[in-house]
Amino acid sequence: MESILFVCLGNICRSPTAKAVFDYKLQQAGLSPLTDSAGTTGYHQGNPPDPRAIRAASEWGVDISGERARIVTVEDFTRFERIYAMDRSNLADLHDRMPAGAGARVELLMKLAPDYGIDEVPDPYYGGDEGFRRVLDMLETAADRLIEELRASTRS
Ligand code: 4NP
């Protein structure tokens with residue numbers, strides 16, 4: 001089974017929410033890959049998720065209050081088979097840090113769900129609760145598409 005790392009800027013809004021939504025959906029689908037989340041910056045290292053992210057996740061049905069922020073490490077590029085960046089800036093930072101020869105597949109998360117029509121999960125940090133709810137909607141769609149992809153690949 002795959003291992004997946006979700007990456008955003010601060011690791012307190014989008015990526016801890018992504019981990020929780022994917023864990024929930026994948027488990028419902030009978031799948032249990034190793035997952036984690038990290039940030040490209042360490043500004044919030046050791047902190048719990050943003051209270052707005054905790055609230056939006058809780059309304060959606062998952063508890064992310066126990067998550068703690070950490071920064072992406074060099075080891076992540078060998079520990080995880082897939083690394084999903086929330087936006088292009090995260091993706092560029094990951095490419096800059098990826099060691100030569102590391103095998104991880106590093107891409108934008110929303111590449112999983114081109115039908116959604118938006119290829120970046122927007123940073124909700126400077127907005128209101130609506131932005132956090134939108135993040136959850138995008139993550140849910142992306143998780144559904146990954147499950148479809150994994151099911152299709154085990155069938156073929
Ligand atoms: P995240 O959101 O990358 O989804 O965790 C942010 C968190 C913190 C900041 C920006 C975005 N910040 O500027 O501190």
Side-chain angles (χ1 to χ4, degrees), residues 2-28 33-99 102 104-147 149:
E2 298 256 356
S3 49
I4 310 169
L5 181 68
F6 302 93
V7 174
C8 63
L9 181 71
N11 194 211
I12 55 166
C13 298
R14 291 165 291 175
S15 62
T17 308
K19 173 185 158 42
V21 167
F22 275 70
D23 280 350
Y24 179 84
K25 287 255 166 193
L26 287 161
Q27 200 184 357
Q28 264 195 337
L34 168 73
T35 65
D36 199 5
S37 72
T40 58
T41 63
Y43 302 143
H44 300 275
Q45 188 110 322
N47 291 346
D50 186 286
R52 296 166 296 172
I54 293 176
R55 188 163 58 239
S58 161
E59 281 167 11
W60 189 83
V62 288
D63 177 14
I64 61 168
S65 61
E67 298 295 325
R68 292 296 177 265
R70 73 169 179 88
I71 195 164
V72 172
T73 64
V74 167
E75 290 76 33
D76 285 327
F77 291 92
T78 44
R79 235 177 98 219
F80 293 94
E81 289 163 73
R82 296 190 189 208
I83 301 181
Y84 284 127
M86 298 299 130
D87 62 36
R88 284 207 177 75
S89 165
N90 308 147
L91 185 67
D93 286 340
L94 286 167
H95 281 145
D96 284 347
R97 290 176 211 188
M98 185 156 173
R105 182 169 142 189
V106 183
E107 43 190 40
L108 283 176
L109 179 83
M110 290 311 286
K111 244 188 115 176
L112 283 168
D115 56 311
Y116 201 94
I118 306 172
D119 61 2
E120 298 183 289
V121 181
D123 182 350
Y125 190 68
Y126 292 106
D129 286 328
E130 189 51 43
F132 283 82
R133 282 196 287 271
R134 181 140 182 262
V135 165
L136 272 152
D137 189 61
M138 297 183 83
L139 296 174
E140 184 171 2
T141 304
D144 286 338
R145 296 296 174 279
L146 176 63
I147 289 162
E149 181 190 316

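As the structure lists them, so they are numbered: ligands from 1, and atoms in each ligand from 1.
A salt bridge links Arg82 with Glu149: at least one charged nitrogen is closer than 4.0 Å to a carboxylate oxygen.
Polar contact with ligand 1: absent for Ser15 (N/O pair, distance under 3.5 Å). Checked by distance only, ligand 1 and His44 come closer than 3.5 Å through their nitrogen or oxygen atoms.
The side chain of Tyr126, and not its backbone, has at least one atom closer than 4.0 Å to an atom of ligand 1 (non-hydrogen atoms only; side chain from C-beta on). Using a 4.0 Å cut-off between heavy atoms, Thr41 makes no contact with ligand 1 at all.
In this structure, the protein non-hydrogen atom closest to atom 1 (P) of ligand 1 is Cys8 SG, 3.5 Å. Protein heavy atom nearest atom 12 (N) of ligand 1, with residue, atom name and distance: Tyr125 CE2, 3.5 Å.
Taking every non-hydrogen atom of Asp123 and a distance limit under 4.0 Å, the qualifying atoms of ligand 1 come out as 2 (O), 6 (C), 10 (C), 11 (C). Under a 4.0 Å criterion applied to the non-hydrogen atoms of Leu9, ligand 1 contributes the atoms 3 (O), 10 (C), 11 (C).
Within 6.0 Å of OH in Tyr43 there are 12 or fewer heavy atoms belonging to other residues, nucleotides or ligands.
The side-chain contact (heavy atoms from CB on, under 4.5 Å) test with Asp129 singles out one residue from Glu59, Arg134, Arg55, and that residue is Arg55. In summary, of the residues considered (Leu146, Leu109, Asp23), a side-chain contact (heavy atoms from CB on, under 4.5 Å) with Ile4 occurs for Leu146 alone.
By the 30° and 60° cut-offs, the orientation of the rings of Phe22 relative to Phe6 is tilted.
A cation-pi contact, defined as under 6.0 Å to the ring centre and within 45° of the axis, links Arg52 to Tyr125.
A side-chain N or O of Asn90 and one of Asp87 form a donor-acceptor pair less than 3.5 Å apart.
Comparing heavy-atom distances from atom 5 (O) of ligand 1 across Cys13, Gly131, Ala53 singles out Cys13 as nearest.
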